[in-house]
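Here's a structure for you.
Numbering starts at 1 and runs along the sequence shown. The figures that follow rest on heavy atoms only: side chains count, while hydrogens, waters and symmetry mates do not.
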Amino acid sequence: MMKAAQWDPSQKKVVVNSIPIPSPADNQFLVKIGSASLCHSDFMSMAMPHKEPITIGHEGAGYIDKLHPSAENKGFKVGDAIGFTYIIDCCFECEGCKVHNNHCLVQESHTQGFTAPGLFAEYALVDYHSAILLPDSLSVKTASPMFCAGITAFHCVDSCHLQPGQWLVIIGCGGLGQLATQYAKAMGIRVVGVDINDDILATVKRQGADAVFNSITNPNYVDEVKAFMDRGPNKGADAVAVFSAADAAYRSAPPLVKLGGMIMVVGLPKNGVTFDALDIARGTFQVRGDSTGTPDRMKKAIDFSAKHGIASEVEVYPSLESVNDMVEKMRRGESTKRMVVSFD
């Protein structure tokens with residue numbers, strides 16, 4: 001048996017239960033979790049109509065404890081420290097999987113922490129296709145945020161296709177926005193951070209943002225962002241990446257981007273996002289989105305992180321019993337760092 005932090009739909013909170021240790025199926029490892037971290041997306045799982053308690057969490061890193069025979073000789077062995085993405089039960093080979101593993105056309109894929117048991121547990125199952133060996137510079141005890149927040153932030157900055165010296169406005173400077181700032185600065189991109197929390201803005205400024213603005217306390221922040229960039233009359237940033245899930249964050253993006261620039265969709269508002277069709281049709285701005293992507297994109301992100309010493313700002317918790325407190329702290333909007341359970 002093992003401990004797992006599970007969302008209990010009847011109690012409307014996270015509880016720690018004792019459940020059986022799973023056995024690896026075809027192409028899977030059993031992984032002893034070294035760290036697991038909380039993501040805003042986990043609230044989407046808690047809002048789903050679960051009938052039974054479900055283990056939450058989709059950011060994890062750990063050590064291979066056991067391999068299914070079909071997962072042997074794939075470049076991994078028992079004891080390896082690995083990170084991994086969180087889609088299982090897909091084929092990894094069809095046309096849909098080449099876009100995103102949630103789109104598998106061959107069989108029904110599942111997302112850990114949502115429709116399959118998640119990673120806030122002592123053990124979890126991982127498909128070998130989804131795994132990567134951890135570089136020595138990434139500690140398994142704190143590496144978990146890199147395997148959702150980290151690779152998502154990297155992909156979103158990388159997919160803006162900016163050149164050194166160009167401008168990126170980051171709206172929402174929490175965990176992903178902080179990582180995006182680090183990636184952008186390592187790529188030579190100039191960064192302006194926008195958020196509603198001064199403590200978060202102070203963190204992102206320390207991480208290298210060229211300027212930061214509070215969009216709540218400064219009603220003139222759009223004009224001041226443009227004045228700071230000093231690019232000419234009313235010219236905005238080359239790209240605006242929206243990491244916040246707030247509707248207001250998306251409304252603020254078009255005024256901040258230059259004519260023909262890119263708005264990168266990252267945060268996931270409950271009711272989706274809406275842009276003026278005429279703006280898109282006549283090229284006022286482009287709209288693109290990105291995410292953790294497919295496992296074959298993961299190595300580029302992790303190698304870049306290791307080379308440039310990029311990691312999440314983390315607040316470490318000692319046990320699964322802390323997860324409900326972590327959830328409530330995030331719900332209250334009081335978390336300024338990635339909250340991680342680090343296992344012994």
Side-chain angles (χ1 to χ4, degrees), residues 2 22 24 27-39 57-68 71-88 92 101 111-113 117-158 175-176 178-180 182-183 186 207 291-320 337-344:
M2 68 175 186
N27 299 321
Q28 290 183 339
F29 309 140
L30 177 66
V31 174
K32 181 175 175 58
I33 300 295
S35 61
S37 41
L38 191 66
C39 176
H58 60 276
E59 293 183 339
Y63 300 97
I64 297 175
D65 185 77
K66 187 182 298 183
L67 300 86
H68 188 273
E72 295 175 352
N73 303 313
K74 304 296 184 182
F76 301 94
K77 65 182 185 301
V78 170
D80 281 343
I82 60 171
F84 38 87
T85 53
Y86 46 84
I87 310 296
I88 61 172
F92 295 96
N101 297 133
T111 303
Q112 289 174 298
L119 305 178
F120 276 116
E122 293 177 311
Y123 291 89
L125 298 176
V126 174
D127 194 292
Y128 82 83
H129 297 88
S130 299
I132 186 173
L133 294 171
L134 281 184
D136 291 340
S137 59
L138 286 180
S139 169
V140 73
K141 300 296 185 183
T142 54
S144 57
M146 301 305 293
F147 292 94
C148 174
I151 56 179
T152 296
F154 176 84
H155 291 155
C156 291
V157 174
D158 197 39
L176 273 77
Q178 292 169 19
L179 284 160
Q182 295 179 67
Y183 288 126
Q207 291 175 330
S291 64
T292 52
T294 52
D296 60 322
R297 299 176 66 196
M298 183 167 44
K299 179 174 170 52
K300 180 180 180 182
I302 296 303
D303 286 351
F304 188 94
S305 303
K307 178 180 178 180
H308 295 278
I310 294 172
S312 293
E313 296 260 347
V314 299
E315 182 177 353
V316 176
Y317 290 78
S319 70
L320 291 169
K337 300 178 180 180
R338 216 65 175 174
M339 292 184 285
V340 176
V341 173
S342 186
F343 294 76
D344 292 332

Atom pair CG (Leu125) and CD (Gln28), whose distance is rounded to the nearest 0.5 Å: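 Reported to 0.5 Å precision, the distance equals 4.5 Å.
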Ring centers of Phe76, Tyr128 separated by less than 6.0 Å: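 No - the distance between ring centres of Phe76 and Tyr128 does not fall below the 6.0 Å cut-off.
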Lys337 NZ: over 12 foreign heavy atoms closer than 6.0 Å: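 No - once you tally the heavy atoms of other residues, nucleotides and ligands closer than 6.0 Å, there are 12 at most.
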Min side-chain heavy-atom separation Val314-Ser37 under 4.5 Å: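 Result no, sub-4.5 Å side-chain heavy-atom pair not found.
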Shortest non-hydrogen separation from Met146 to Ile310 and the atoms involved: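 In this case the closest contact between Met146 and Ile310 is CE-O, 3.9 Å.
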Contact summary for Val341 and Leu320, nearest pair of heavy atoms: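 Between these two residues, the closest heavy atoms are CG1-N, 4.1 Å.
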Considering all heavy atoms, the nearest His155-Ala301 contact: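 Smallest heavy-atom distance, with atoms named: NE2-CB, 4.3 Å.
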Backbone of Gln112 reached by a side-chain donor or acceptor of His58 within 3.5 Å: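 No; judged by distance alone, with no hydrogens or angles, the pair does not exist.
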Residue pair Pro295 / Thr85: nearest heavy atoms and the distance that separates them: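 Nearest pair, atom of Pro295 first, then Thr85: CG-OG1, 3.9 Å.
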Donor-acceptor contact below 3.5 Å, side chain Lys141 vs main chain Phe343: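 Yes, Lys141 side chain to Phe343 backbone: donor-acceptor pair under 3.5 Å.
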From Leu176, Leu38, Val316, residue fulfilling side chain to side chain contact (heavy atoms under 4.5 Å, CB included) relative to Arg338: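 Exactly one candidate clears the test, Leu176.
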Minimum side-chain heavy-atom gap Asp158-Lys300 below 4.5 Å: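 Answer yes - side chains close enough.
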pair Thr292-Ile87: side-chain heavy atoms closer than 4.5 Å: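 The answer is no, as the side chains (C-beta and beyond) never meet within the 4.5 Å cut-off.
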Short side-chain to backbone donor-acceptor contact, Ser35 and Ser342, under 3.5 Å: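 Between the backbone of Ser342 and the side chain of Ser35 there is no qualifying donor-acceptor contact (under 3.5 Å).
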Closest approach of Phe120 to Gly57 (non-hydrogen atoms, all atoms of both residues):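 Heavy atoms only, the tightest pair is CD1-CA, 3.6 Å.
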Nearest-0.5 Å distance that lies between atom CG in Leu138 and atom CG in Leu133: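 Leu138 atom CG to Leu133 atom CG measures 12.0 Å (nearest 0.5 Å).
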Distance (rounded to the nearest 0.5 Å) between Leu67 CG and Asn27 CG: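 Result: 11.0 Å between the selected atoms.
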Side-chain heavy-atom pair Ile302, Phe154 within 4.5 angstrom cut-off: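 No, side chains not in contact.
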Any side-chain heavy-atom pair of Phe147 and Leu134 under 4.5 Å: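 The answer is yes, as the side chains (C-beta and beyond) meet within the 4.5 Å cut-off.
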Residue pair Tyr86 / Thr111, side-chain heavy-atom distance below 4.5 Å: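 They are in contact (side-chain heavy atoms under 4.5 Å apart), so the answer is yes.
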Gln182 (side chain) donor-acceptor with Ala311 (main chain) under 3.5 angstrom: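 Checked: pair present.
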Test item: Ile88 and Ser130 side chains (from C-beta on) under 4.5 Å apart, heavy atoms: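 When only atoms from C-beta onward are counted, Ser130 and Ile88 do not touch, as no gap falls below 4.5 Å.
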Whether Asp127 side chain and His129 backbone form a donor-acceptor pair below 3.5 Å: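 Indeed, once roles are kept as given, a pair shorter than 3.5 Å links the two residues.
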Distance-minimising heavy-atom pair for Thr294 and Asn101: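 For Thr294 versus Asn101, the nearest heavy atoms are CA-OD1, 4.5 Å.
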Minimum side-chain heavy-atom gap His308-Tyr183 below 4.5 Å: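 Heavy-atom side-chain distance check fails, nothing below 4.5 Å.
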From OG (Ser305) to CG (Leu179), nearest 0.5 Å: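 Here the rounded value is 7.5 Å.
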Flag if over 12 foreign heavy atoms under 6.0 Å of CG, Asn73: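 No, the 6.0 Å shell around CG holds no more than 12 heavy atoms from other groups.
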Worked verdict on Ile82 versus Phe29 for side-chain contact (heavy atoms from CB on, under 4.5 Å): CA-CA 11 Å; Ile82 60 171; Phe29 309 140; 4.0 Å; yes
Spacing of Phe84 atom CZ and Cys148 atom SG [to the nearest 0.5 Å]: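 Rounded to the nearest 0.5 Å, the CZ-SG separation comes to 12.5 Å.
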